[in-house]
Amino acid sequence: MDKTHSRRQVAAIKHSLFDQGYLDEQFIQLEELQDDANPNFVEEIVTLYYRDSSRLISNLDHALERNPLDFNKLDTIMHQFKGSSSSIGAKKVKAECTLFREYCRTRNGEGCRRSFQQMKKEYATLRKKLETYFQLARQAGPQETAFPPK
């Protein structure tokens, strides 16, 4: 596969991540920080996000097993997770975090549990899609400039 075809494929995947609502403009801003001195910057940031967020998900899992639920603790953990998700542009994950926090505010335990399950699905789906994206991007080689999808 030639580089031009690979780059087109990478661009198409990136475009679909935006079209499907998985990513927002924050991801573009991260790409704009990437340069020749650090060509894997975005991938490294996303890898750190997934490493750190697994701890937060585990903390949420444990907190949701408690009876009665500590809605303040749940909200605090999810606030951290939402901030991390926002920093990489994880749009669908961030939306579920917002919904979860609203359920915390209304003390709706069942809503929290449902939202948490949906958030984990969005999180896992985005992870798979980004792994594919970064794998193809590595194969295609460095891109001249970062650009938002049209």
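It should be emphasised that the depicted structure is a prediction, and the values quoted were computed from it without experimental measurement. These numbers come from the heavy atoms of this one structure, side chains and all, not from hydrogens, waters or symmetry mates.
- Side chains of Q118 and E122: a donor-acceptor N/O pair is present below 3.5 angstrom, by distance only.
- Summarising the hydrophobic clusters (Ile, Leu, Val, Met, Phe, Trp, Tyr; side-chain heavy atoms under 4.5 Å, direct or chained), the residues clustered with Y103 are L99.
- Under a cut-off of 6.0 angstrom, the local environment of NZ in K92 is crowded, with over 12 non-hydrogen atoms contributed by other residues, nucleotides or ligands.
- Between E96 and K120 no salt bridge is recorded (no basic side-chain N to carboxylate O distance below 4.0 Å).
- The heavy-atom pair separating L126 from A90 by the smallest distance is CD2-CB, 3.5 Å.
- Side-chain contact between F116 and D61 is present, with at least one heavy-atom pair separated by less than 4.5 Å.
- In this pair, F18 and F27 present their aromatic rings perpendicular. The plane angle is above 60°, beyond the 30 to 60° band.
- Results of the side chain to side chain donor-acceptor pair (under 3.5 Å) test with Y49 over S87, S85, S84, S54 single out S85 as the only residue that passes.
- Put simply, the side chain of H62 reaches to within 4.5 Å of the side chain of E65, judged on heavy atoms.
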side-chain contact (heavy atoms from CB on, under 4.5 Å) between Q34 and N38, intermediate numbers included: CA-CA 6 Å; Q34 188 164 284; N38 197 353; 5.9 Å; no
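- Contact annotation: the side chain of I88 never approaches that of V42 to less than 4.5 Å [non-hydrogen atoms, C-beta and beyond].
- One distance of note links NE2 of H5 with CG of L136; it measures 9.0 Å at 0.5 Å rounding.
- Note that OG1 of T76 is 8.0 Å distant from CG of D70, once rounded to the nearest 0.5 Å.
- Side-chain contact between F81 and D52 is absent, with no heavy-atom pair separated by less than 4.5 Å.
- Residues L33 and L23 are members of one and the same hydrophobic cluster, defined by side-chain heavy-atom contacts under 4.5 angstrom among Ile, Leu, Val, Met, Phe, Trp and Tyr.
- Side-chain contact between Y133 and E43: absent, with no pair of heavy atoms (C-beta onward) separated by less than 4.5 Å.
- Side-chain contact between E31 and K14 is present, with at least one heavy-atom pair separated by less than 4.5 Å.
- Side chains of M78 and M119 form a contact here, defined as non-hydrogen atoms less than 4.5 Å apart.
- To the nearest 0.5 Å, the span separating CZ on R114 from CD on Q117 amounts to 11.0 Å.
- To the nearest 0.5 Å, atoms CG (L74) and CZ (R113) are separated by 8.5 Å.
- Under the salt bridge (charged side-chain N to carboxylate O under 4.0 Å, His left out) test applied with E131, the options K128, R127, K129 reduce to a single match, R127.
- By the side-chain hydrogen bond (donor to acceptor under 3.5 Å, both in side chains) test, Y123 pairs with S53, sequence neighbours left out.
- Taking a 6.0 Å sphere around CZ of R66, one finds it holds 12 or fewer heavy atoms contributed by other residues, nucleotides or ligands.
- L17 contributes atom CG, which lies 8.5 Å from atom OH of Y22 (distance to the nearest 0.5 angstrom).
- For the atom pair CG (L30) and CD (E44), the distance works out to 12.0 Å, reported to the nearest 0.5 Å.
- Partner F100 forms a side-chain contact (heavy atoms from CB on, under 4.5 Å) with one of L60, I77, D75 and no other, that one being L60.
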side-chain contact (heavy atoms from CB on, under 4.5 Å) evaluation trace for Q139 with V10: CA-CA 10 Å; Q139 290 171 3; V10 169; over 6 Å; no
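- Contact of the T106 side chain with the E102 side chain is registered, since non-hydrogen atoms from C-beta on lie closer than 4.5 Å.
- A donor-acceptor pair under 3.5 Å links the side-chain atoms of S86 to the main chain of K82, judged by distance alone.
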